[in-house]
Asker: 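Quick one: the structure is below, and I'll ask about it shortly.
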Amino acid sequence: MDQTTQTWVFDDLDDELDDLDYEFERDRIVEVVPPSLAHLASVGLAERTRLIDAYVRGELARVLRVAPDSIDTVGRPMNSLGIGSINGLELQRRMEAALCVDVNLNRLLRANSAAELVDCLAGQLGPEDSPHKHAGRSEHHLVAHDLPSPR
């Protein structure tokens with residue numbers, strides 16, 4: 001299944017504001033392509049983190065309608081970036097569908113930064129043991145992978 005989404009990146013409003021009907025121009029389309037789960041599992045933690053960071057930036061950019069490189073993934077909490085309940089739900093739904101993980105919406109909205117989300121995803125989607133790996137949803141974790149529980 002192709003999980004490609006398109007992001008509209010908006011430029012400033014027209015310089016000439018002759019009428020009060022503001023319209024955004026479609027400057028360019030940024031495609032958000034999630035990394036392959038098989039590829040994520042086959043690369044090291046540093047590369048997996050880089051791939052997931054690029055994906056999360058793309059999704060955040062799509063939801064917030066900004067350029068991906070303008071997003072501060074380290075220094076700002078998610079709510080400070082502009083992620084609220086409505087676009088948080090959209091972000092949650094897209095990441096869950098693309099990466100086959102459960103994302104705790106409450107923890108997503110309260111995350112200290114997008115980097116926290118990236119780190120959780122990188123830990124979940126790799127072969128290494130990670131404190132982020134567990135089965136099922138949990139209110140104490142930001143991300144849970146849809147893996148069967150070990151017996």
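Just so you know, residue 1 is the first one in the sequence shown, and it goes up from there.
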Asker: Using every non-hydrogen atom in the two residues, find where Ala61 and Ile71 come nearest and quote the distance to one decimal.
Answerer: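 So the two residues come closest at N-CD1, 3.4 Å.
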
Asker: Closer than 4.0 angstrom, basic N to acidic O: yes or no for Glu59 and Arg62?
Answerer: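 A salt bridge is present here (some side-chain N lies under 4.0 Å from a carboxylate O).
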
Asker: Just how far is it from atom CG of Asp119 to atom CZ of Arg48, taken to the nearest 0.5 Å?
Answerer: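 If I round to the nearest 0.5 Å, the distance is 11.0 Å.
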
Asker: Contact between Leu99 and Tyr55 at the side-chain level, heavy atoms closer than 4.5 Å - yes or no?
Answerer: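 When only atoms from C-beta onward are counted, Tyr55 and Leu99 do touch, with a gap below 4.5 Å.
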
Asker: Hey, does Arg50 have a side-chain heavy atom less than 4.5 Å from the side chain of Pro35?
Answerer: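 With C-beta onward as the side chain, the pair stays apart.
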
Asker: Taking the side chain as every heavy atom from C-beta outward, state whether Leu91 and Met78 have any atom pair closer than 4.5 Å.
Answerer: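 Counting from C-beta outward, Leu91 and Met78 do come under 4.5 Å.
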
Asker: Could you tell me which non-hydrogen atom of Arg76 sits nearest to which non-hydrogen atom of Asp72, and how far apart they are?
Answerer: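 Shortest heavy-atom separation between Arg76 and Asp72 comes out as CG-OD2, 3.4 Å.
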
Asker: I want to check something: taking the side chain as every heavy atom from C-beta on, are Leu89 and Gln92 in contact at a cut-off of under 4.5 Å?
Answerer: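 Contact flag for Leu89/Gln92 side chains = yes.
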
Asker: Ignoring hydrogens, what is the shortest heavy-atom contact between Leu108 and Met95? Give both atom names and the distance.
Answerer: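 Heavy-atom minimum between the residues: CD1-CE, 4.4 Å.
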
Asker: If the test is side-chain contact (heavy atoms from CB on, under 4.5 Å), which one of Leu40, Leu51, Val43 qualifies with Leu125?
Answerer: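 Going through Leu40, Leu51, Val43 one by one, the side-chain contact (heavy atoms from CB on, under 4.5 Å) with Leu125 is satisfied by Leu40 alone.
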
Asker: Closest heavy-atom contact between Ile83 and Gly88?
Answerer: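 Smallest interatomic distance, heavy atoms only, reads CG2-CA, 3.9 Å.
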
Asker: So which atom in Ala41 and which in Pro127 form the shortest heavy-atom distance, rounded to 0.1 Å?
Answerer: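 Looking at all heavy atoms of both residues, the closest pair is O-CD, 3.2 Å.
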
Asker: Under the 3.5 angstrom rule, does the side chain of Asn87 hit a backbone N or O of Gly82 as a donor-acceptor pair?
Answerer: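 Judged by distance alone, yes, a pair lies under 3.5 Å.
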
Asker: Consider side-chain contact (heavy atoms from CB on, under 4.5 Å). Of Val118, Thr73, Ile52, which one does Arg57 pass it with?
Answerer: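 So the option named by the test is Thr73.
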
Asker: According to a hydrophobic-cluster definition based on side-chain heavy atoms being under 4.5 Å apart (Ile, Leu, Val, Met, Phe, Trp, Tyr only), do Leu37 and Leu117 belong together?
Answerer: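 As far as the 4.5 Å side-chain criterion goes, Leu117 and Leu37 are connected within one cluster.
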
Asker: Check Val32 against Gly58 and note the closest heavy-atom contact, atom names and distance.
Answerer: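 Minimum heavy-atom contact is CG2-O, 3.4 Å.
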
